[in-house]
Amino acid sequence: MSDPIVALTEVEKVYRTDRMETVALHKLSLAIETGEFVSIMGPSGCGKSTLLNVLGLIDRPTAGEIKFGGKSVSALGDAELAPLRNRELGFVFQQFHLIPDLRVIDNVELPLLYRKCSNTERRRLALEALEIVGLERRVHHFPTELSGGQQQRVAVARAIVGKPRLLLADEPTGNLDSQMSEEIMSLLERLNRDQGTTIVMVTHDQTKADRTQRIFRLFDGQLIH
C-alpha cells in the first residue's frame, strides 16, 4: 500500500502574542490518500483554514510531524519548502486573487515563472489548463471582463497549471451564486475523477461536503467523529 499523499501526526499550532496564547490546532492526526476528494467542515474559528495552511506547507506547526509523500517535511526550511509547494501543491481561495492588469493567460502562467520552464512550455501548459476548465476562448480577456464563476475557473486553472499532486481549496464556492457554485463544484469533481488530482476542500456547505468522499469535522482545533 502506498503512503498517504499527506499525513499529520499529533500536530499542534499555537499563536502567541505578548498577552495571549491561541491554540488553533490541538494534537491533530489525519492522513489523506492519493486520489481522494475530502472536505473539512466546522464553525468559524475552529481551525479549518489553519489546517489547510498546514497541509499546504504554508504554516509551520508548533509541534507534531508532517509527512508529504511518505517523507517527513517538518524540519525543512522555507528555502526547501518553497519549491515543494510550487511543484506539488495548488491553491484555490474564496477570493480569486487574480491580477487585474494581466490577461487570463498571463495569470495562469504565473506559478510557472518559478520553474525552469521555457516561454513556449509555459504557454502550452497554461492553454492546456484553461481548456480543462473550459475557458480556452477567454485567454486574452482581463479578469474584470469575466463573471465571478469564470474568474474562479481561471484561479483553478492557475492552481492546476503545474500539474500538482494535491489541490487545496479554501471555500472555493463561497463568493459565488448557486449556478456558478455548481460549475466550480462540478469542475473540482471532474479534476478529481479525470485527472486523478487529490483535493482537500474547506466548506461551510453540507451539500457540497456530501459530494466528497470523506468529511473531516473540526471543533476547537480538534477532529470530532
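Nothing fancy with the numbering, it's 1 onward along the sequence.
Linking ILVMFWY side-chain heavy atoms closer than 4.5 Å, directly or via other members, places Val38 and Met185 in two distinct hydrophobic clusters. Under a hydrophobic clustering in which Ile, Leu, Val, Met, Phe, Trp and Tyr are joined whenever their side-chain heavy atoms come within less than 4.5 Å, directly or via other members, Leu191 and Leu89 fall into different clusters. Residues Ile199 and Val154 share a single hydrophobic cluster, defined by chaining ILVMFWY side chains whose heavy atoms lie under 4.5 Å apart. If you chain together hydrophobic residues whose side chains sit under 4.5 Å apart, Val133 and Phe91 never meet in one group. Taking hydrophobic clusters as Ile, Leu, Val, Met, Phe, Trp and Tyr residues chained together by side-chain heavy-atom distances below 4.5 Å, Leu51 shares a cluster with Ile5.
Looking at heavy atoms from C-beta onward, Leu110 lies in side-chain contact with Leu102 at the 4.5 angstrom threshold. Side chains of Pro61 and Glu12 form no contact here, defined as non-hydrogen atoms less than 4.5 Å apart. Using a 4.5 Å heavy-atom threshold, the side chains of Ile184 and Leu176 count as touching. Using a 4.5 Å heavy-atom cutoff, the side chains of Leu81 and Ile58 are not in contact. Put simply, the side chain of Leu28 reaches to within 4.5 Å of the side chain of Leu218, judged on heavy atoms. Contact of the Pro164 side chain with the Glu88 side chain is not registered, since no non-hydrogen atoms from C-beta on lie closer than 4.5 Å. Counting only heavy atoms from C-beta outward, the side chains of Leu168 and Val92 never approach each other to under 4.5 Å. Annotation: side chain of Gln206 is in contact with side chain of Ile215 (closest heavy-atom distance under 4.5 Å).
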>> Run Ser72 and Glu65 through side chain to side chain donor-acceptor pair (under 3.5 Å) and show every step you take.
In response: CA-CA 7 Å; Ser72 179; Glu65 183 180 43; 3.1 Å; yes
> Checking side chain to side chain contact (heavy atoms under 4.5 Å, CB included) for the pair Gln95/Gln151: CA distance, chi angles, key distance, verdict?
Replying inline: CA-CA 10 Å; Gln95 308 293 336; Gln151 289 186 60; over 6 Å; no
> Checking side chain to side chain contact (heavy atoms under 4.5 Å, CB included) for the pair Gln195/Ile132: CA distance, chi angles, key distance, verdict?
Replying inline: CA-CA 10 Å; Gln195 307 290 323; Ile132 289 171; 4.1 Å; yes
> Could you go step by step and tell me if Val73 and Lys67 meet the side chain to side chain contact (heavy atoms under 4.5 Å, CB included) rule?
Replying inline: CA-CA 6 Å; Val73 296; Lys67 286 187 175 181; over 6 Å; no
> Could you go step by step and tell me if Leu167 and Leu188 meet the side chain to side chain contact (heavy atoms under 4.5 Å, CB included) rule?
Replying inline: CA-CA 9 Å; Leu167 183 65; Leu188 294 176; 3.9 Å; yes
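In this structure, a donor-acceptor pair under 3.5 Å is absent between the side chains of Thr197 and Asn192. With hydrogens and angles left out, the side-chain atoms of Thr203 and Asp205 include no donor and acceptor closer than 3.5 Å.
Phe93 pairs by the ring-ring contact (aromatic ring centres under 6.0 Å, His included) definition with His97, not counting sequence neighbours. Scored by the side-chain hydrogen bond (donor to acceptor under 3.5 Å, both in side chains) test, Ser186 finds Glu182 as partners (sequence neighbours excluded). Under the side chain to side chain contact (heavy atoms under 4.5 Å, CB included) criterion, Pro83 pairs with Arg87, not counting sequence neighbours. The side chain to side chain contact (heavy atoms under 4.5 Å, CB included) test applied to Ala129 returns Val108, Ala157, Ile160, Val161, not counting sequence neighbours. Applying the side chain to side chain contact (heavy atoms under 4.5 Å, CB included) rule to Gln94 yields the partners Glu171, Asn175; only residues at least two apart in sequence or on another chain are considered. In this structure Arg85 satisfies the side-chain hydrogen bond (donor to acceptor under 3.5 Å, both in side chains) test with no other residue, sequence neighbours excluded. The side-chain hydrogen bond (donor to acceptor under 3.5 Å, both in side chains) search around Glu189 returns Arg211, not counting sequence neighbours.
In this structure, the separation between CG on Asn119 and CG on Leu113 is 9.0 Å, given to the nearest 0.5 Å. To the nearest 0.5 Å, atom CD1 of residue Ile32 and atom CD of residue Gln213 are 11.5 Å apart. Between Leu112 atom CG and Arg124 atom CZ the span is 10.0 Å, to the nearest 0.5 Å. Taken to the nearest 0.5 Å, the CZ atom of Phe216 stands 7.5 Å off from the CD1 atom of Ile40. With rounding to the nearest 0.5 angstrom, the CG atom of Leu127 is 12.0 Å from the CG atom of Leu135. Residue Thr34 holds its OG1 atom at 5.5 Å from CZ of Arg165, rounded to the nearest 0.5 Å.
Here the side chain of Ser74 pairs a donor or acceptor atom with the backbone of Ile66 at under 3.5 angstrom. Remark: the backbone N or O of Glu10 is paired with a side-chain donor or acceptor of Ser29 at under 3.5 angstrom. A donor-acceptor pair is defined here as one N or O able to donate and one able to accept, closer than 3.5 Å; no such pair exists between the side chain of Thr198 and the backbone of Leu166. With hydrogens and angles disregarded, a donor-acceptor distance shorter than 3.5 Å links the side chain of Asn107 to the backbone of Arg103.
Legend: ring-ring contact (aromatic ring centres under 6.0 Å, His included) pairs involving residues 4-38, not counting sequence neighbours: none detected. Residue pairs meeting the salt bridge (Lys or Arg N to Asp or Glu O under 4.0 Å) criterion with at least one partner in residues 145-159, sequence neighbours excluded, are Arg153-Glu183. Applying the salt bridge (Lys or Arg N to Asp or Glu O under 4.0 Å) definition to pairs two or more places apart or across chains, those involving residues 212-225 are Glu36-Arg214. Within the structure, every pair that satisfies the salt bridge (Lys or Arg N to Asp or Glu O under 4.0 Å) test and touches residues 109-120, not counting sequence neighbours, is listed here: Glu109-Arg122, Glu109-Arg123. Pairs passing the salt bridge (Lys or Arg N to Asp or Glu O under 4.0 Å) check and including a residue from residues 38-62, sequence neighbours excluded, read Arg60-Asp78.
Among all heavy-atom pairs drawn from Pro172 and Met201, the shortest one is CD-CG, 3.8 Å. The minimum heavy-atom distance linking Lys208 with Thr173 is given by the pair CE-OG1, 4.2 Å. In plain terms, the two heavy atoms of Glu121 and Cys117 that are nearest each other are CG-SG, 3.4 Å. Nearest heavy-atom pair, Phe96 versus Ala155, reported as atom, atom and distance to 0.1 Å: O-CB, 3.9 Å. Of all heavy-atom pairs between Phe219 and Cys46, the closest is CA-CB, 4.2 Å. Listed here is the closest heavy atom pair of Val14 and Thr62: N-OG1, 2.8 Å.
The only member of Leu25, Val11, Leu55 that meets side-chain contact (heavy atoms from CB on, under 4.5 Å) when paired with Thr50 is Leu25.
Within 6.0 Å of the CD atom in Glu21, the count of heavy atoms belonging to other residues, nucleotides or ligands exceeds 12.
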